[in-house]
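Before any comments, here is the structure.
The chains referred to below are lettered A, B, ... by the order of the sequence lines, with proteins before strands, and numbering in each begins at 1. This is a predicted model, so every value here is computed, not measured.
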Protein chains: 2
Amino acid sequence: MFSKACEYGIRAVIYIVSVSSSGKKAGIKDICKHIKAPEPFTAKILQNLSRLGIVKSTKGPHGGFYVEEGAHDIRLIDIVTAIDGDKLFTGCGLGVDVCSEKKPCPIHNEFKSIRESLRIMLEKTSIQHIAKDLDKGLVFLKT
Amino acid sequence: MFSKACEYGIRAVIYIVSVSSSGKKAGIKDICKHIKAPEPFTAKILQNLSRLGIVKSTKGPHGGFYVEEGAHDIRLIDIVTAIDGDKLFTGCGLGVDVCSEKKPCPIHNEFKSIRESLRIMLEKTSIQHIAKDLDKGLVFLKT
DNA sequence: TGAATAGAAGATAAAAAAGTCCTGTAAGTT
DNA sequence: AACTTACAGGACTTTTTTATCTTCTATTCA
């Protein structure tokens, strides 16, 4: 469904938000240990998200990645579109290049409803909310 | 969502079923022209589907791919699982390796419902039915 | 100011997916 | 039987994705 990069990105941001809630920053090593992801690859992904302003970062001792207290909620869809783009919500399910309402591919309508519910789910899901569940031990990012 | 191989595979089988309904066979060249797909690559995919018995094939003049008249319906899910496997329905949305009901990943339940509707849709959709829509000009496989 | 820390950036490498090519083999045609 | 057609199968190439390595720059703290 999502690319590896996107999976790592989502997991990393969840962890960063969780750490940020106690006013701390998360270093790349620490992040990758907690989400079980390859370090240099995840660093690249976070550099990207940092450049886009989805997370913040500072260098130097006690530096790392963080989100500002009181910043507006990060939605799952923000991360997904930042990393994987919007082809999951806009592209044709069968890869037919002219697929549209007027010239639908054979599964156009069936797919549309599923993609729509996916999009709505990703728009509704807040990373801040997930991070709270993580802190409560209700959900898990690794073994 | 699906791999390119899967997209070509689905489109090819739809076309094959459509041609088969008039008792004819579809050659690989003819198929690829009608579904706008790369020929050798699509040939590989159909070899696979042929080996699995999802479509039939014969060599020689007037040979090609076909499905037998009166054969049971080919469901979309048969093709998808044959080519892409079942990771789309079983794997964790965030790639968390221990994701389960007891140790759910942060979007486990949200994802489950979407994957479930996807699975149901793919199970309900019959290629024979789609092929009829194609014949009627209701849906399209290329420009 | 200088040493240590930690992210940024660019080049590079490995693996997987997508796509091609060539030779073989089966089936129909004459 | 010889010839032609068209799928089968294996080797190979290209592209994309995933992952790593090295150097550079900014920040903190003594």
Side-chain angles (χ1 to χ4, degrees), chain A residues 1-13 15-16 19-20 24-33 35-67 80 82-85 87-88 91 94-95, chain B residues 1-13 15-16 19-20 24-33 35-67 80 82-85 87-88 91 94-95:
Chain A
M1 186 86 84
F2 301 139
S3 68
K4 279 280 163 200
C6 195
E7 291 179 0
Y8 297 147
I10 295 169
R11 276 150 61 189
V13 176
Y15 180 72
I16 291 167
V19 169
S20 291
K24 284 179 292 190
K25 286 172 192 127
I28 185 67
K29 266 190 171 171
D30 177 46
I31 294 170
C32 291
K33 203 163 62 188
I35 69 171
K36 223 181 185 180
E39 214 177 292
F41 189 45
T42 309
K44 284 278 167 238
I45 298 160
L46 287 176
Q47 276 171 35
N48 235 315
L49 296 179
S50 175
R51 230 178 290 121
L52 293 167
I54 293 176
V55 296
K56 304 264 173 194
S57 72
T58 56
K59 294 179 177 180
H62 306 116
F65 296 91
Y66 64 99
V67 292
V80 172
I83 299 173
D84 280 353
K87 58 183 184 302
L88 199 56
L94 293 186
Chain B
M1 188 85 84
F2 301 140
S3 68
K4 279 281 163 199
C6 195
E7 291 179 0
Y8 297 147
I10 296 169
R11 276 151 59 189
V13 176
Y15 180 72
I16 291 167
V19 169
S20 291
K24 285 178 291 189
K25 286 172 192 125
I28 186 67
K29 266 188 170 172
D30 177 46
I31 293 170
C32 291
K33 203 163 61 187
I35 70 171
K36 222 180 184 180
E39 213 177 293
F41 189 43
T42 308
K44 285 275 165 242
I45 297 159
L46 287 177
Q47 275 170 37
N48 235 316
L49 295 179
S50 175
R51 232 179 289 123
L52 292 167
I54 293 176
V55 296
K56 305 262 173 196
S57 70
T58 55
K59 296 179 176 178
H62 306 116
F65 296 91
Y66 63 102
V67 293
V80 172
I83 299 173
D84 281 352
K87 58 183 185 300
L88 199 55
L94 293 187

Taking N or O atoms only and anything under 3.5 Å, show me the protein contacts with nucleotides 28-30 of chain C, one pair per line.
from: C:dT29; atom 1: OP1; to: B:His62; atom 2: ND1; distance (Å): 3.2

When only distance counts, do a donor and an acceptor, one from the side chain of B:Lys44 and one from the base of D:dG10, lie under 3.5 Å apart?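 It does, because a donor-acceptor pair links the side chain of B:Lys44 to the base of D:dG10 below 3.5 Å.
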
Using whole Å, what does the distance between atom [atom2] of nucleotide [N] and atom [atom1] of [X] come to?
X       : N      : atom1 : atom2 : result
A:Phe65 : C:dA6  : CZ    : P     : 12 Å
B:Gln47 : D:dA11 : CD    : P     : 14 Å
B:Lys56 : D:dA8  : NZ    : P     : 12 Å
A:Glu39 : C:dG7  : CD    : C1'   : 11 Å
A:Tyr66 : D:dT27 : OH    : C1'   : 12 Å
A:Lys29 : C:dA8  : NZ    : C1'   : 17 Å

Between C:dA18 and B:Tyr8, is there an OP1 or OP2 to side-chain N/O distance shorter than 4.0 Å?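 For C:dA18, OP1/OP2 do not have a side-chain N/O of B:Tyr8 under 4.0 Å.
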
Given D:dG9, is OP1 or OP2 found less than 4.0 Å from the side-chain N or O atoms of B:Arg51?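 Answer is yes, contact under 4.0 Å.
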
C:dA8, C:dC21, D:dA8: which one has an atom nearest the side-chain heavy atoms of B:Ser50?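 So the nucleotide nearest the side chain must be D:dA8.
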
A:Ala5 side-chain proximity, nearest of C:dG7, D:dA8, D:dT18: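 Comparing C:dG7, D:dA8, D:dT18 against the side chain of A:Ala5, the answer is D:dT18.
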
Protein and nucleotides 15-17 of chain D: nitrogen or oxygen contacts under 3.5 angstrom:
none

Using salt bridge (charged side-chain N to carboxylate O under 4.0 Å, His left out) as the criterion, list what pairs up with B:Lys59, not counting sequence neighbours.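 None.
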
Base, sugar-phosphate, or nothing for B:Pro38, non-hydrogen atoms under 4.0 angstrom?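 Since only primed, P, OP1 and OP2 atoms lie under 4.0 Å of B:Pro38, the category is sugar-phosphate.
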
Base, sugar-phosphate, or nothing: which does B:Ile28 touch, judged by heavy atoms less than 4.0 Å apart?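 Result for B:Ile28 = sugar-phosphate.
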
With rounding to the nearest 0.5 angstrom, report the CD1 to CG distance, B:Ile83 to B:Leu49.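 Those atoms lie 4.5 Å apart.
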
My understanding is that only residues two or more places apart in sequence, or in another chain, count here; which of them pass ring pair (Phe, Tyr, Trp, His ring centres under 6.0 Å) with B:Phe65?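 In terms of ring pair (Phe, Tyr, Trp, His ring centres under 6.0 Å), with neighbours along the sequence ignored, B:Phe65 is linked to no residue.
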
Which atom pairs, one a donor and one an acceptor, fall under 3.5 Å between side chains of residues 39-46 of chain B and the rest of the protein, sequence neighbours left out?
from: B:Thr42; atom 1: OG1; to: B:Pro38; atom 2: O; distance (Å): 2.6

Qualifying side-chain hydrogen bond (donor to acceptor under 3.5 Å, both in side chains) pairs, either residue in residues 24-33 of chain B, two or more places apart: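 Of all non-adjacent pairs touching residues 24-33 of chain B, those that pass side-chain hydrogen bond (donor to acceptor under 3.5 Å, both in side chains) are B:Tyr15-B:Asp30, B:Asp30-B:His34.
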
Search all heavy atoms of A:Leu94 against all heavy atoms of B:Glu7 and return the closest pair with its distance.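 Residues A:Leu94 and B:Glu7, closest heavy atoms: O-CB, 3.4 Å.
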
